[in-house]
Amino acid sequence: MKRSYFLPALAFASALSAQELPKASPRAQVSQVVGLTKVTVDHGRPSANGRAIFGGLVPYGEVWRTGANECTTITFDGPVQFGKTQVAAGTYALFTVPSERTFRVILNSDAKQWGAYAYKSELDIASVEAAPEKCAATEVFTIGFGAFAQDAARLDLMWAETRVSVWITAPSDERAKANIAEALAKPDAGSGTYSESAEFYLTRHIDDAQALAWAHKSVEMKKMYWNNFTLALALHATGAVQEAIAAAEESAALAKAEGDTGAQQTYTAQSAAWRSAGK
């Protein structure tokens, strides 16, 4: 009787394909909080291996998966501005179309693709033209966040000696104000909560008078060198310069008593700067 080796061979191939083996282009994730929004990029990381990359392995004028294997995805857990386009929270495919002078960086709503073979331009929800810049030689394709500003981060795509960047912005003032209101409404809201709220309002120039009220409340609950200095900042922001100087000097003395020489030096320098500016 003739034996069949076909089925056992299929079973062996199926078992082999199910094995977990190292990939030539391992998958990676990079995350960054922008404002109050978490941004996560999931991508394959191919190596150059001596090959010409852009204009070679990655042809000009064609949609590229921006990595290897499955398409690269980017997830926002809140609304953002991608370049100049408003984008809702969600997960998107991140494609690029390279050329010598500019790269088109695309967000596409179909985030479950292998490569870019099923790419459909009608599903694009954002597109940014970014000029490529020279960077240090990068053997393995790398996605990261290379620069930051208030409520913004620069997403960098780097491979070979080329870097392409897109700014992602996630305004956080309204969410932060709602968080503050919720925290201060709790019966156990402490002096630290009031001081942090005041400091945020001062830093973002939202409402200096409200910040002053919260700073006073914090110090009334429990005076410490750090919240007393927040009060000094709020006094100065609302025009009470002499009171601000006195509060900063008191904060320096309190910090010295607590053994925090760094804070003491900072507060002393600030009070001296305010005195000098008033002369």
Side-chain angles (χ1 to χ4, degrees), residues 22-35 37-78 80-87 90-108 111 113-117 119 121 124-172:
K23 293 185 177 181
S25 301
R27 208 71 186 170
Q29 279 194 354
V30 59
S31 295
Q32 177 64 49
V33 175
V34 182
T37 299
K38 186 177 182 180
V39 181
T40 303
V41 185
D42 186 294
H43 59 296
R45 301 191 64 196
S47 297
N49 289 328
R51 299 172 291 186
I53 301 303
F54 297 111
L57 178 65
V58 181
Y60 287 140
E62 296 183 14
V63 178
W64 177 44
R65 71 188 77 189
T66 320
N69 303 320
E70 300 95 330
C71 69
T72 291
T73 62
I74 185 167
T75 301
F76 311 112
D77 74 356
V80 302
Q81 184 173 299
F82 189 80
K84 294 183 179 180
T85 303
Q86 295 295 327
V87 176
T91 298
Y92 304 92
L94 180 67
F95 294 120
T96 49
V97 180
S99 71
E100 290 186 76
R101 294 187 177 182
T102 186
F103 278 49
R104 187 154 55 95
V105 184
I106 301 165
L107 294 187
N108 185 276
Q113 303 184 43
W114 178 270
Y117 302 109
Y119 167 76
S121 61
D124 292 349
I125 57 99
S127 177
V128 176
E129 297 291 330
E133 299 180 45
K134 191 174 179 63
C135 69
T138 305
E139 169 65 19
V140 181
F141 176 61
T142 299
I143 297 180
F145 295 88
F148 303 91
Q150 181 173 294
D151 289 346
R154 191 188 72 201
L155 180 69
D156 291 338
L157 316 177
M158 295 171 288
W159 203 10
E161 295 183 345
T162 299
R163 188 193 82 199
V164 177
S165 303
V166 177
W167 279 92
I168 297 172
T169 307
S172 65

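The figures here come from the full heavy-atom set of this structure, side chains too, leaving out hydrogens, waters and symmetry mates.
- For the atom pair Thr142 OG1 and Asp156 CG, the distance stands at 10.0 Å (nearest 0.5 Å).
- Applying the side-chain hydrogen bond (donor to acceptor under 3.5 Å, both in side chains) test to Ser127 and every residue at least two apart in sequence or in another chain returns nothing.
- Remark: of the listed residues Thr96, Thr72, Thr73, Thr96 is the sole one forming a side chain to side chain donor-acceptor pair (under 3.5 Å) with Thr66.
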Could you walk me through whether Val87 and Tyr92 pass side-chain contact (heavy atoms from CB on, under 4.5 Å), step by step?
CA-CA 10 Å; Val87 176; Tyr92 304 92; 3.6 Å; yes
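- Residues passing the side-chain hydrogen bond (donor to acceptor under 3.5 Å, both in side chains) test with Gln32: none are found, sequence neighbours excluded.
- A side-chain contact (heavy atoms from CB on, under 4.5 Å) with Val80 is found for one member of Thr85, Ile168, Val34 and no other, namely Ile168.
- Here the closest non-hydrogen pair linking Leu107 and Ile74 is CD2-CG2, 3.6 Å.
- For Pro132, the side chain to side chain contact (heavy atoms under 4.5 Å, CB included) partners at least two apart in sequence or on another chain are Phe103, Thr162, Val164.
- Counting only heavy atoms from C-beta outward, the side chains of Met158 and Ile143 never approach each other to under 4.5 Å.
- In terms of the side-chain hydrogen bond (donor to acceptor under 3.5 Å, both in side chains) criterion, residue partners of Gln81 (sequence neighbours excluded) are, by chain and number, Gln86.
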Sequence neighbours left out, cut at 3.5 Å: what donor-acceptor pairs do the side chains of residues 145-152 make with other protein atoms?
| unit_1 | atom_1 | unit_2 | atom_2 | d |
| --- | --- | --- | --- | --- |
| Asp151 | OD1 | Ser172 | OG | 2.9 |
| Asp151 | OD1 | Arg204 | NH2 | 3.2 |
| Asp151 | OD2 | Ser172 | N | 3.0 |
| Asp151 | OD2 | Ser172 | OG | 3.2 |
| Asp151 | OD2 | Arg204 | NH1 | 3.1 |

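- Across all non-hydrogen atoms, the minimal contact from Pro46 to Ala68 is CD-CB, 3.9 Å.
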If you look only at distance, which donor and acceptor atoms sit under 3.5 Å apart when one is on a side chain in residues 51-65 and the other is two or more places apart or in another chain?
| unit_1 | atom_1 | unit_2 | atom_2 | d |
| --- | --- | --- | --- | --- |
| Arg51 | NE | Ala48 | O | 2.9 |
| Arg51 | NH2 | Ser47 | O | 2.6 |
| Tyr60 | OH | Phe54 | O | 3.4 |
| Arg65 | NH1 | Asn69 | O | 2.7 |
| Arg65 | NH2 | Tyr117 | OH | 3.1 |

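- Residues Val128 and Trp167 are not in side-chain contact: their nearest non-hydrogen atoms beyond the backbone lie 4.5 Å or more apart.
- For the side-chain hydrogen bond (donor to acceptor under 3.5 Å, both in side chains) condition, the pairs that include at least one residue of residues 129-138, sequence neighbours left out, are Thr102-Glu129, Glu133-Arg163, Lys134-Glu161.
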Ser25 and Arg45: side-chain contact (heavy atoms from CB on, under 4.5 Å), yes or no, with the steps?
CA-CA 5 Å; Ser25 301; Arg45 301 191 64 196; 5.7 Å; no
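- Contact of the Gln29 side chain with the His43 side chain is not registered, since no non-hydrogen atoms from C-beta on lie closer than 4.5 Å.
- With sequence neighbours excluded, no residue forms a side-chain hydrogen bond (donor to acceptor under 3.5 Å, both in side chains) with Ser99.
- Applying the side chain to side chain contact (heavy atoms under 4.5 Å, CB included) criterion to Asp124, with sequence neighbours excluded, gives Arg104, Ile106, Asn108, Tyr119, Ser121.
- In this structure, Trp114 CH2 and Cys71 SG are separated by 10.5 Å, a value rounded to the nearest 0.5 Å.
- The shortest non-hydrogen separation linking Ala160 to Cys135 is O-SG, 4.3 Å.
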